[in-house]
Amino acid sequence: MTKTLFEIVSRVMNIPMEKISDISGPNSIPDWDSFNMFVLLDEIEKEFDVKFSLEETLEIKTVGDFRKKLEGKNK
Amino acid sequence: MPSEEKLSSYLNKSKLISNSNYAKKIRIAILGGFTLNGLEETMRVKCDEKKIQCTTYVSGYNQYNQEIIDEKSQLYKFSPDITFLIIDCRNVFGELFLNPYSLSAEERKQFVQTKSDEIINLAKTLVKKSNSKLIISNFSIPSYSPIGINETREEFGLHDMVRSLNQNIKIGLRLEPEIFIYDLNSFVSKFGEHNVFNYKQFFYGDIRISLDYIPYLAQELMGYVTAVLGLIKKCIVLDLDNTLWGGIIGEDGFEGIKLSDDPIGRAYAEFQNNLLALNQRGILLAINSKNNFDEAIQVIKEHPNMILKEDNFACVRINWNDKVANMKEISDELNIGLDSMVFVDDDPVNIEYVRSNLPEVMSIQMPADNCHNNASNLKSMTAIFDMLKLTDEDKARNTMYLEQRKRAEFKIQVGNLENFLKQMNISVNIKNADDFTIPRISQLTLKTNQFNLTTRRYQEEDIRKFSQDSKKIVECAQIKDKFGDNGITAAYIVNKDNEQQWTIDTFLLSCRVIGRGVEDGILSHIIEKARKDGISQVRGEYIKTEKNQPAENLFAGFGFKKEGDFWIFDTNNQFKKPKHLVIS
């Protein structure tokens with residue numbers, strides 16, 4: 001799952017896979033603005049067939065946050 | 001409806017656009033009443049794909065009023081060729097959108113009148129202060145009403161307000177030469193309000209056209225870009241069999257083609273009706289079909305269910321010539337550039353052949369197995385014929401060309417067929433007659449009319465008997481190319497007359513694989529086999545029918561010599577084995 005997640009982040013944020021980790025976010029990824037964050041959210045929802053509520057969306061600040069939320073949904 | 005790529009894929013591609021120096025250039029400004037991120041990137045990618053150099057300007061979020069009113073704004077400094085102004089009801093109505101019934105019906109009418117005038121003035125101001133064409137979106141009529149089922153009973157209700165706004169803007173701007181209204185309302189109803197408008201995206205980032213639909217919107221707006229640049233399509237060149245009607249006239253006959261009141265026939269009738277509508281607005285129609293002229297033209301002239309008549313076609317090429325050569329002739333005869341032509345055919349091979357030889361022609365493949373798509377494909381295609389003006393001259397154009405057609409005669413040119421065939425990766429797999437192939441061989445002898453040298457019809461039990469006869473060769477060929485497997489589409493029967501001579505009793509090719517050199521490949525296979533057996537001559541006959549003209553020149557072309565009723569080939573002679581085929 002982590003690999004797929006990182007692949008999506010890499011594609012949407014236009015950044016090499018090896019530069020992505022759990023702490024990656026707006027501070028470390030130049031393209032991570034609020035719009036691209038939303039594109040990312042949209043792609044992740046489709047890929048993993050999940051929906052994040054608006055509240056959950058607002059809690060997500062980093063790649064790690066996405067990973068944790070996804071793990072929570074897959075239980 | 002052709003499906004679109006994801007927005008993220010356009011976003012990535014937009015980063016890769018290099019500063020190419022294309023001849024066609026356009027400056028596009030986007031003014032939005034809400035977040036339209038991604039639209040600009042997608043349009044740049046779509047322009048780049050069409051070799052249009054595109055420079056863009058996107059106004060600040062919801063700044064369209066100021067940008068248009070202020071003569072010194074960034075918008076005017078940018079000096080666009082074309083400006084898209086995309087706003088929605090929430091921009092215009094504000095809080096009243098959710099609570100329209102706080103006003104009386106009279107007040108609502110007054111409100112709409114005021115807002116319509118504002119928008120009309122804004123639009124006129126923009127084109128007055130710039131050299132830009134303006135494309136302004138109209139308003140999507142919401143399915144929502146605060147009074148629910150009573151909406152339709154209310155005097156000048158919310159829905160009427162939006163309808164009226166649309167109507168006022170249309171009347172106010174209709175005759176402005178530089179202003180065009182983009183029917184966003186139709187866009188939303190085509191895809192569905194629940195898809196296009198996504199609350200989460202709306203609340204999160206004031207996105208009112210959801211990310212999935214931005215590429216579709218960009219695609220529609222591209223119609224204006226190409227129209228402004230004059231990159232318009234003027235002519236549709238159509239195949240006949242399985243394109244204008246279901247089935248194959250040469251095989252199924254006048255009575256057998258599907259054009260009547262049955263499910264398949266209806267799909268083709270609808271397609272023809274769409275084409276007729278295009279024709280009436282000035283798009284030329286032409287025919288480019290491999291068929292016997294008399295047979296095919298009879299359908300066009302006499303079939304009771306043909307919607308398109310002979311006079312709807314400005315140029316007709318029904319023959320056995322190369323389709324690329326035909327396209328060039330049509331282009332010459334109509335004096336229309338190949339880049340203004342669209343070619344429609346059900347056969348992927350023809351599409352690829354035209355595409356590779358004439359890349360400037362837009363080639364569209366109609367799915368033969370799912371003919372109802374033809375009509376819906378065409379409807380989404382109509383945008384490529386969009387011109388910004390529709391004049392009487394356009395409407396009369398067809399008559400003009402029709403007259404020209406009746407005068408003109410043209411010589412034949414041949415496209416580069418040889419190169420094309422090399423790229424086709426055709427393989428011919430020869431198979432013996434066995435339990436699997438015998439029914440198909442029989443069926444081919446019964447059904448094949450066009451490329452059939454002798455048109456001898458054999459039932460399954462005949463073929464089975466022949467296959468057990470040591471004095472006969474009964475074989476067939478499975479033909480594949482880079483587009484896929486055509487299945488068993490060729491068959492032949494050879495009689496071993498004696499120690500010196502073989503006679504080709506039957507030799508046929510399904511019309512699906514005509515014109516690719518397969519026939520020469522199989523003939524050389526037979527000759528080589530004869531050589532191996534020490535046979536000195538192979539002979540065959542061509543028995544002329546009304547339909548088998550395509551096979552007429554097979555023997556002469558290969559190097560057979562005519563002697564009486566037979567064509568004879570001396571196996572010691574050299575022959576040209578087609579190099580583009582793999583025969584196994």
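Chain naming here is simple, since letters A, B, ... match the order of the sequence lines and numbering starts at 1 in each.
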In Å and rounded to the nearest 0.5 Å, what is the CG to SG distance from Asn138(B) to Cys89(B)?
-> 9.5 Å

Enter the distance from Ile214(B):CD1 to Leu7(B):CG here, rounded to the nearest 0.5 Å.
-> 6.5 Å

Answer yes or no: is there a donor N or O on one side and an acceptor on the other, between the side chain of Asp31(A) and the main chain of Asn14(A), under 3.5 Å?
-> no

Quick one: which of Ile207(B), Leu211(B), Thr35(B) has the most heavy-atom pairs under 4.5 Å with chain A, could you say?
-> Leu211(B)

For Lys200(B), is it the side chain, the backbone, both, or neither that has a heavy atom closer than 4.5 Å to a heavy atom of chain A?
-> both

Atom group of Asn37(B) that falls short of 4.5 Å from chain A, counting heavy atoms = both

Give, as side chain, backbone, both or neither, the part of Leu58(A) having an atom under 4.5 angstrom from any heavy atom of chain B.
-> side chain

May I ask you to say whether Glu45(A) pairs ionically with Lys73(A), meaning some side-chain N is under 4.0 Å from a carboxylate O?
-> no

